[in-house]
Amino acid sequence: MSALLDLLMGIFRQQTLGGAALELAALAAPLSLAALVGLLIGWAWRPRWAGVVTVDNAQQMAQLPAAAPPPDRATATAVVSRNEAAAVVPRTVVAHAAAEDEQQQLAVNTGDLLHLWRLVDEKDGGPSWIHMMDRTLPTMRYQAWRRDPPSGPPQYRSSTIFEDASPEVVRDFFWDDEFRMKNSWDDMLLQHETLEECTETGTMVVRWVRKFPFFCSDREYIIGRRIWASGKTFYCVTKGVPRPSVPRQNKPRRVDLYYSSWCIRPVESRKGDGAMSACEVLLFHHEDMGIPWEIAKLGVRQGMWGCVKRIEPGLRAYQVGRTAGEAVSKCAAMAQVTTRFSADELVIAGPGNTEASSSSSGDGAEVGKVTKHWANSIPKVLMVGGAVALACCTFDGGLLTKAVIFGTARRFAGGPGRR
């Protein structure tokens, strides 16, 4: 900078005006040449969209009509009359479009229904499921699968079949947050409150606080949920939704990526009498709890059956209360406000519908945002420490469980591997 300033001062010290002009020209020549070369290089390396935008703008300018003279009073009146007539005719179409826009603004919309439908029919395009567990009780059978997508946390799929249970009661049971806490079948739920509700569609936004082990802080969830019905089959969507109006706190820690949805439908009883007196619950679940995914997978695998076993006695107690005529809670009453649809229409609209990719329930759009998990950069000592803490509080306390956990910790400490 100082050299350029000295050069300019030397130019202005010239004795004649002509000499100063020659010096300025000599200085401007290389600068002009550099600018020209830069323009040529920039034009040669321009992005493809720049040329497209230029051509489109030129075509739009060419298509603009020439300025017309102002119409006379009679012509203007005729144009206004035609516009008013056109505005009157399609009112039903406008109302239908407005209703669709309002549906899409809800926390859970038809894109989420389509996504769940694809998961149930195994047409979502994800990786294949790996079988994890198969357990049976006298009145319940449970099966579980897991898959690891290229990005995002592990995903779980389970099938639970309850004997002598109706889909309507099972639907209300899973939606009833008050009974969850009263009966304690879900002993992780510490708090719940309803933030928003739509009495026409049954859409709700609720806040949950769930208890985590002692080495983790409790977790907070802002969940949008809604139920669709096709015959006696219910598609129940719950997923994490953003709500900036609810301030974040250090404790409990907010979980943003959360998806847990059910398909509840009648199935044939295993009694062999051909009656559709049993009820199947297909659950699809994944969430980013903020702990390393390998450690989370071990914890889920060891604690899954212990948690599932608590559901069956809770459901039976709920059935007894409903049979005795106990009052239905507000949450259960909202579960009965369902949106009816035809499965055939969904099949027709399914393959070509792009709405699910834009408003999908976390399995594709939201999970895709998680391109690199923070566990990849966490210090190894924290990974080992987390494994030790998890081993100290596993559900069965068996030596085999601790050996698996410490083996996982050694794998993380020894070098990079799969998440």
salt_bridge([X], [Y]) N-O dist < 4.0 Å:
X: Asp186; Y: Arg210; answer: yes
X: Asp124; Y: Arg147; answer: yes
X: Asp176; Y: Arg171; answer: no
X: Arg253; Y: Asp218; answer: no

Just by modelled atom types, is the [Y] backbone N or O under 3.5 Å from a matching donor or acceptor in the [X] side chain?
X: Arg207; Y: Glu193; value: no
X: Ser261; Y: Thr238; value: yes
X: Gln302; Y: Lys297; value: no
X: Ser230; Y: Thr233; value: no
X: His131; Y: Met133; value: yes
X: Asp273; Y: Ala275; value: yes

Is there a side-chain contact between [X] and [Y], using heavy atoms and a 4.5 Å cut-off?
X: Arg180; Y: His192; result: no
X: Glu197; Y: Lys330; result: yes
X: Ile311; Y: Thr160; result: no
X: Leu106; Y: Thr201; result: yes
X: Thr339; Y: Ile227; result: no
X: Ile223; Y: Val205; result: no
X: Cys216; Y: Ile291; result: yes
X: Met204; Y: Trp175; result: yes

- Item | Over all atoms of both residues, closest heavy-atom pair of Arg316 and Thr139 |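 For Arg316 versus Thr139, the nearest heavy atoms are NH2-O, 3.3 Å.
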
Note to self: I'd like to know whether Met140 forms a side-chain contact (heavy atoms from CB on, under 4.5 Å) with Ile161, so could you lay out the CA-CA distance, the side-chain angles of the two residues, the decisive distance to 0.1 Å, and finally the verdict.
What the structure shows: CA-CA 6 Å; Met140 184 185 79; Ile161 298 179; over 6 Å; no

May I ask you to check whether His285 and Tyr156 place their ring centers less than 6.0 Å from one another?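 Between His285 and Tyr156, the centre distance exceeds or equals 6.0 Å.
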
Please confirm whether Arg157 makes a cation-pi placement over Trp145, using NZ or CZ under 6.0 Å from the six-membered ring centre and within 45° of the ring normal.
->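 Yes, Arg157 lies over the aromatic ring of Trp145.
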
message = Once rounded to the nearest 0.5 Å, what's the spacing between atom CD of Glu280 and atom CZ of Arg141?
response =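 The CZ atom of Arg141 is 10.0 Å from CD of Glu280, to the nearest 0.5 Å.
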
Decide yes or no on ring-ring contact (aromatic ring centres under 6.0 Å, His included) for Tyr235 and His115, but give the supporting numbers first.
CA-CA 11 Å; Tyr235 293 81; His115 178 68; over 10 Å; no

Taking atom types as modelled, find out whether [X] and [Y] have a side-chain donor-acceptor pair closer than 3.5 angstrom.
X: Gln143; Y: Ser158; result: no
X: Glu163; Y: Ser269; result: yes
X: Asp177; Y: Trp208; result: yes
X: Glu287; Y: Tyr221; result: yes

Please indicate whether Asn250 has more than 12 foreign heavy atoms, meaning atoms of other residues, nucleotides or ligands, lying under 6.0 Å from its CG.
->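 It does not: Asn250 CG has 12 such atoms or fewer within range.
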
Q | Test ring-ring contact (aromatic ring centres under 6.0 Å, His included) applied to Trp262 and Phe174, Phe234, Phe284, the passing residue | A |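 Only one of Phe174, Phe234, Phe284 forms a ring-ring contact (aromatic ring centres under 6.0 Å, His included) with Trp262, namely Phe174.
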
| query | Of Val337, Leu113, Thr203, which meets side chain to side chain contact (heavy atoms under 4.5 Å, CB included) against Arg226? | reply |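 The single option meeting the side chain to side chain contact (heavy atoms under 4.5 Å, CB included) with Arg226 is Thr203.
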
- Message: Quick check on side chain to side chain donor-acceptor pair (under 3.5 Å): which of Gln336, Lys232, Arg322 does Glu168 satisfy it with?
- Response: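 When Gln336, Lys232, Arg322 are each tested with Glu168, the side chain to side chain donor-acceptor pair (under 3.5 Å) holds only for Lys232.
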
